[in-house]
Amino acid sequence: MQTLEQDTPSIVPIKTTKKFFLETYGCQMNFSDSEIVASILKNEGYSITGKEEEADVILMNTCAIRENVEQKTRQRLTEFRELKNENPSVVIGVLGCMAERLKVKLLEEEDLVDIVVGPDAYRSIPKLIGEVEGGQKAINVLLSREETYADINPVRLSENGISAFISIMRGCDNMCSFCVVPFTRGRERSRDPDSILKEAKGLFEHGYREVTLLGQNVDSYFWYGGGLKKDFDKATEEQKKSAVTFGHLLSMVAEISPLLRVRFSTSNPQDMTDEVLHAMVKHENICRYIHLPMQSGSSTTLKRMNRGYDREKYIDRIKAIRTIIPGCGISTDIISGFCGETEEEHSDTLSLMDEVVFDYAYMFKYSERPGTAAAKKYVDDVPEEIKKRRLQEIVDLHRKHAHESNLKDIGKEFEVLVEGYSKKSENDLSGRNSQNKVVVFPREHYKRGDYVKVKVHSCTSGTLLGEAIK
Ligand code: SAH
Ligand code: F3S
């Protein structure tokens, strides 16, 4: 007797020969997500193109963190719309945080977009494209408690072949009052450490020399094989024994090879433990660099921001970094003009900057995001002019600090991982030191991927200049 299976002809799926164009805005996590999206599409036969005019599918991976980035996205979508006017079969999709924030509104309000896909629904993109080709608009913005794309091997889109991002967790449970991320990226969940190690090893074997472990709050990374962190009480004894914290994970990745540099982002002052700092000390290849967003130097502002730490706690963490890892580079994020911010609170931000002297800072004007706790509870009452002036004061002070920090490096020797030619000349190479500063030096016989000892002889505001030591 024949079985049903034997009677049924085997179906070989026909893969597409279409091309996709993918443009990415926003944070490192978005760039990392785009590599997952590219991998999902390539598996279906799509090939990537860098030219939007020749694409059958145009995708934008978007950011919703501040209003101005959303405006830029809309502007770009109108340009893509013109391409679609010329060739109506082109499919235009919005992915990521702006897709998740606006959901179906993006399809209804404007006739710019065919598909809308949130950060946890990328596996459904090929199916959604199919639906559009069948004549419908398509959307999937379901957030998940489990999706980590752990099994997907990302297609590397960055061209240097030396450094790569690895997402170790998704979402955020912190609920800082100004921030839209918990709404657009959903609940925090950590990725299986085995899959992270496998990805990092694979990259090293393919010649990569630097990985950056990404999460909105890496210190909160926690894996025990049993689901969400908050359910750890219910874990079996075996699961409890094999639990992995961020400190463990860092050490495991660092132990792949001393030639693999390990970076991570973002640390959070309320969760950053000394365990992580000690793991850094133990492994020289974990870079001496921490991005520790302060947001404000005023304890009362930090309270309204629901950041979970005050000025003293922030200073305590900075002191811990400087004591445990002398010479560690420190960068930060700062927001000017948050709801209710007084002149005195703003001065507290400037004075904390003076106290820390950051090597690098990302500085923003507060931008109200619909649906956040700040939008519901507080009035966005700092006038635009004052926000701007305060931001300028923060930027000016930071420039002075960054220059001071660079001057201090003159005469020092650093190990630089070469990433490519310098922006200005092919006679010079550019790379970064462990502290994440860009170092430029004469090329000689060195090449991309080499570790070169460089002695710094001068600096510009953003770059150290030096020469290789023989
Ligand atoms: N998870 C990270 C940062 C996420 S967003 C953290 O722990 O801080 C990156 C930065 O954007 C934030 O650190 C903050 O400085 C800024 N940002 C977030 N929401 C903002 C808003 N509504 N207006 C202005 N800046 C904002
Ligand atoms: Fe946003 Fe705060 Fe999380 S800034 S990403 S809610 S740590």
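We count ligands from 1, going down the list as the structure has it; atoms in each ligand are counted the same way.
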- Message: Tell me if the NZ atom of Lys240 is crowded by more than 12 foreign heavy atoms within 6.0 Å.
- Response: yes
- Task: Any atoms of ligand 1 less than 4.0 Å from a non-hydrogen atom of Ile335? List them with their elements.
- Result: 14 (C), 15 (O), 17 (N), 25 (N), 26 (C)
- Message: Any donor-acceptor pair under 3.5 Å linking the side-chain atoms of Arg369 with those of Thr184?
- Response: no
- Query: Are Arg185 and ligand 2 in contact, using a heavy-atom cut-off of under 4.0 Å?
  - Reply: no
- Quick one: does Arg307's side chain get under 4.5 Å of Asn268's, heavy atoms only? yes
- Message: Can you see whether Phe364 has Arg66 sitting over its ring - NZ or CZ less than 6.0 Å from the centre and within 45° of the normal?
- Response: yes
- Note on the structure: Of all protein heavy atoms, the one nearest atom 24 (C) of ligand 1 is Lys365 O, 3.3 Å
- Message: Suppose we call two aromatic rings close when their centres sit under 6.0 Å apart. Are Tyr224 and Phe232 close by that rule?
- Response: yes
- When you look for heavy atoms under 4.0 Å from ligand 1, do you find them on the side chain of Arg307, its backbone, both, or neither? side chain
- Note on the structure: When distances are taken from atom 2 (Fe) of ligand 2, the protein heavy atom at minimum range is Cys176 SG, 2.3 Å
- Do the ring planes of Tyr309 and Tyr314 sit parallel (below 30°), tilted (30 to 60°) or perpendicular (above 60°)? tilted
- Query: Which residue holds the protein heavy atom closest to atom 22 (N) of ligand 1, what is that atom called, and what is the gap in Å?
  - Reply: Ser367 O, 2.8 Å
- Query: Heavy atom under 4.0 Å from ligand 2: found in Val181's side chain, backbone, both, or neither?
  - Reply: side chain
- Within less than 4.0 angstrom of ligand 1, does Asn268 place any heavy atom? yes
- Pair Glu345-Ser296, side-chain donor/acceptor within less than 3.5 Å: no
- With a 4.0 Å cut-off on heavy atoms, is Asn268 touching ligand 2? yes
- Note on the structure: Within 4.0 Å of some non-hydrogen atom of Pro293, the atoms of ligand 1 are 6 (C), 8 (O)
- Taking atom types as modelled, find out whether Tyr362 and Ser331 have a side-chain donor-acceptor pair closer than 3.5 angstrom. no
- Message: Considering non-hydrogen atoms of the protein only, which is the closest contact for atom 16 (C) of ligand 1, and what is the distance?
- Response: Arg66 NH1, 3.3 Å
- Task: Provide, to 0.1 Å, the distance between atom 2 (C) of ligand 1 and the closest protein heavy atom, together with that atom's residue and name.
- Result: Gln216 O, 3.7 Å
- Query: Taking only heavy atoms of Phe364, which atoms of ligand 1 are found under 4.0 Å from at least one of them?
  - Reply: 10 (C), 11 (O), 15 (O), 16 (C), 25 (N)
- Message: Whether the Ser32 and Ser167 side chains hold a donor-acceptor pair (N or O, under 3.5 Å, no angle test) is what I'd like checked.
- Response: yes
- Query: Does a salt bridge link Lys387 with Asp380, judged by any charged N lying under 4.0 Å from a carboxylate O?
  - Reply: yes
- Any donor-acceptor N or O pair under 3.5 Å, side chains Asp33, Asn61: no
- Item | Contact with ligand 1 for Glu67, non-hydrogen, under 4.0 angstrom | no
- Message: Starting from atom 1 (Fe) of ligand 2, what is the nearest protein heavy atom, named by residue and atom, and what distance separates them?
- Response: Cys179 SG, 2.3 Å
- Query: What heavy-atom pair brings Arg288 and Cys328 nearest, and what distance separates the two atoms?
  - Reply: C-SG, 3.5 Å
- Query: With atoms numbered from 1 as shown, which atoms in ligand 2 lie under 4.0 angstrom from a non-hydrogen atom of Phe178?
  - Reply: 4 (S)
- Item | For atom 5 (S) of ligand 1, the protein heavy atom that lies nearest, with its residue and separation | Ile65 CD1, 3.4 Å
- Interatomic distance, Asp354 atom CG to Thr349 atom OG1 [nearest 0.5 angstrom]: 11.5 Å
- Closest to atom 19 (N) of ligand 1 (judged by heavy-atom distance), picking from Phe338, Tyr362, Phe178: Phe178
- Query: Counting from 1, what ligand 1 atoms have a heavy atom of Gln295 closer than 4.0 Å?
  - Reply: 8 (O), 12 (C), 13 (O), 14 (C), 15 (O)
- Any N or O of Ile334 closer than 3.5 Å to N or O of ligand 1: no
- Task: Please identify which atoms of ligand 1 are closer than 4.0 Å to at least one heavy atom of Tyr366.
- Result: 22 (N), 23 (N), 24 (C)
- Mind checking whether Pro182 contacts ligand 2 via backbone (N, CA, C, O), side chain (CB onward), both or neither, at a 4.0 Å heavy-atom cut-off? side chain
- Query: Between Glu147 and Arg170, is the closest basic N to carboxylate O distance under 4.0 Å?
  - Reply: no
- Query: So does Lys412 have more than 12 non-hydrogen atoms from other groups sitting under 6.0 Å from NZ?
  - Reply: yes
- Item | Numbered atoms and elements of ligand 1 in range of Arg369, under 4.0 angstrom, heavy atoms | 22 (N)
- Protein contact of atom 3 (Fe) of ligand 2 - nearest heavy atom, named by residue and atom, plus distance: Cys172 SG, 2.3 Å
- Message: Can you report which non-hydrogen protein atom sits closest to atom 9 (C) of ligand 1, along with the distance?
- Response: Asp333 OD2, 3.8 Å
